[in-house]
Amino acid sequence: MPATPAWPPKSAPRLFVAETLAAGLSVRIEGNPAHYLARVMRVDAGDTVILCDDVTGEWAARVSDVGKRDVTLAVAELLREREAVPDLWLCAGLLKKDRFDLVLEKATELGAARIQPMLTRRCVADKLNLERARAITVEAAEQCARTALPELCAPVKLDALLAAWPEGRALFFADENGGEPAAQAFAAHAGPAAILTGPEGGFDEAERASIRAHPAARAVSLGPRILRGETASLAALAVWMARAGDW
Ligand code: SAH
């Protein structure tokens with residue numbers, strides 16, 4: 001007897017939507033996502049699409065109608081509840097556009113709970129198009145089958161971030177000048193945490209001193225080589241996730 005086909009198919013398109021999903025709900029998709037479903041993925045009435053809402057989780061839905069500019073879906077059944085990702089923030093110095101795009105995409109894939117872009121004295125970039133940045137994280141989440149989007153925050157100045165640092169959250173400062181080996185420091189910690197990495201030019205001495213002086217901060221090393229900002233962020237996340245059992 002042939003094996004029962006898995007339903008929904010693994011290849012079904014995945015999409016985050018703005019409304020909170022429930023069985024029986026009819027969802028109308030417009031704009032770019034509708035174009036993606038109808039023209040790129042070429043869905044037809046009866047096809048399955050996987051919908052996520054970042055609230056309840058992941059649902060199977062059936063295409064009920066493909067219009068010129070919209071696609072209508074009927075939500076069928078909950079496939080997975082919204083996942084819990086490790087409580088880890090990435091506070092990353094803002095980088096030039098392409099480099100930071102990479103951080104947004106990969107940090108989402110790696111499972112960061114929050115991405116906090118940070119402005120420091122040596123940042124070359126000083127602006128982030130939040131809408132575009134959010135679209136990158138949503139696309140990455142769809143691609144890697146994350147059911148919980150990372151929380152993407154507007155850029156803040158390093159000083160403001162440190163001043164408002166929440167009690168009880170460890171701040172692992174990636175310092176190329178040295179610190180405890182990251183894998184060791186992460187392994188010894190349980191509870192909420194954040195990884196802090198600098199921009200292209202790193203931190204200046206005053207910034208480094210104020211980070212180090214912060215009660216939540218612990219300097220960690222990511223090895224003997226000086227990594228680019230994006231590499232430092234992603235390598236540190238990977239080491240953290242390995243420790244957190246999320247790998
Ligand atoms: N200070 C350098 C390079 C900065 S690298 C310069 O002057 O050009 C960008 C950021 O990556 C750093 O601020 C630091 O947070 C992180 N980083 C890079 N290599 C690292 C390492 N070996 N250990 C810890 N953090 C590192």
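All heavy atoms count here, side chains included; hydrogens, waters and symmetry mates do not. Atoms within each ligand, like the ligands themselves, are counted from 1 in listed order.
Annotation: atom 17 (N) of ligand 1 to nearest protein heavy atom, A232 CB, 3.7 Å. Residue, atom and distance of the protein heavy atom nearest to atom 20 (C) of ligand 1 are E176 CB, 3.6 Å. Scanning the protein for heavy atoms near atom 6 (C) of ligand 1, the closest one is G201 O, 3.7 Å. Nearest non-hydrogen protein atom to atom 9 (C) of ligand 1 is P199 O, 3.2 Å. The closest protein non-hydrogen atom to atom 23 (N) of ligand 1 is L222 N, 2.8 Å. Of all protein heavy atoms, the one closest to atom 18 (C) of ligand 1 is L227 O, 3.1 Å.
At under 3.5 Å, a nitrogen or oxygen of G198, whether backbone or side chain, sits near a nitrogen or oxygen of ligand 1. Where the criterion is an N or O separation shorter than 3.5 Å, residue side chain and backbone included, G223 meets it with respect to ligand 1. Residue R228 places no N or O, backbone or side chain, under 3.5 Å from any N or O of ligand 1.
Applying the 4.0 Å criterion to heavy atoms of R225 picks out, from ligand 1, the atoms 19 (N), 21 (C), 22 (N). Applying the 4.0 Å criterion to heavy atoms of I226 picks out, from ligand 1, the atoms 3 (C), 19 (N).
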(request) Please assess E58 against R80 for the test salt bridge (Lys or Arg N to Asp or Glu O under 4.0 Å), listing each intermediate value before the final yes or no. (result) CA-CA 5 Å; E58 177 186 276; R80 279 195 296 163; 2.7 Å; yes
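Between the side chain of H214 and the backbone N or O of L162 there is at least one donor-acceptor pair closer than 3.5 Å.
Environment of CG in N129: crowded, with over 12 heavy atoms of neighbouring residues, nucleotides or ligands closer than 6.0 Å. Summarising the local packing, CZ of R28 is surrounded by 12 or fewer heavy atoms from other residues, nucleotides or ligands at distances under 6.0 Å.
Between E176 and R208 there is a salt bridge, since a side-chain N of the basic residue sits under 4.0 Å from a carboxylate O of the acidic one. A salt bridge is defined here as a Lys NZ or Arg NE, NH1 or NH2 lying under 4.0 Å from an Asp or Glu carboxylate O, and R132 with D101 meets this definition. A salt bridge links E109 to K106: one of the charged nitrogens lies within less than 4.0 Å of a carboxylate oxygen. The pair D87-R169 counts as a salt bridge, with a side-chain nitrogen and a carboxylate oxygen less than 4.0 angstrom apart. Using a 4.0 Å cut-off between charged nitrogen and carboxylate oxygen, E83 and R146 do not count as a salt-bridge pair.
Residue E200 holds the heavy atom nearest to atom 8 (O) of ligand 1 of all those in E207, E200, R122. Of the candidates P224, A174, G179, it is A174 that places a heavy atom closest to atom 15 (O) of ligand 1.
Under 4.0 Å from ligand 1, the heavy atoms of V220 that appear belong solely to its backbone.
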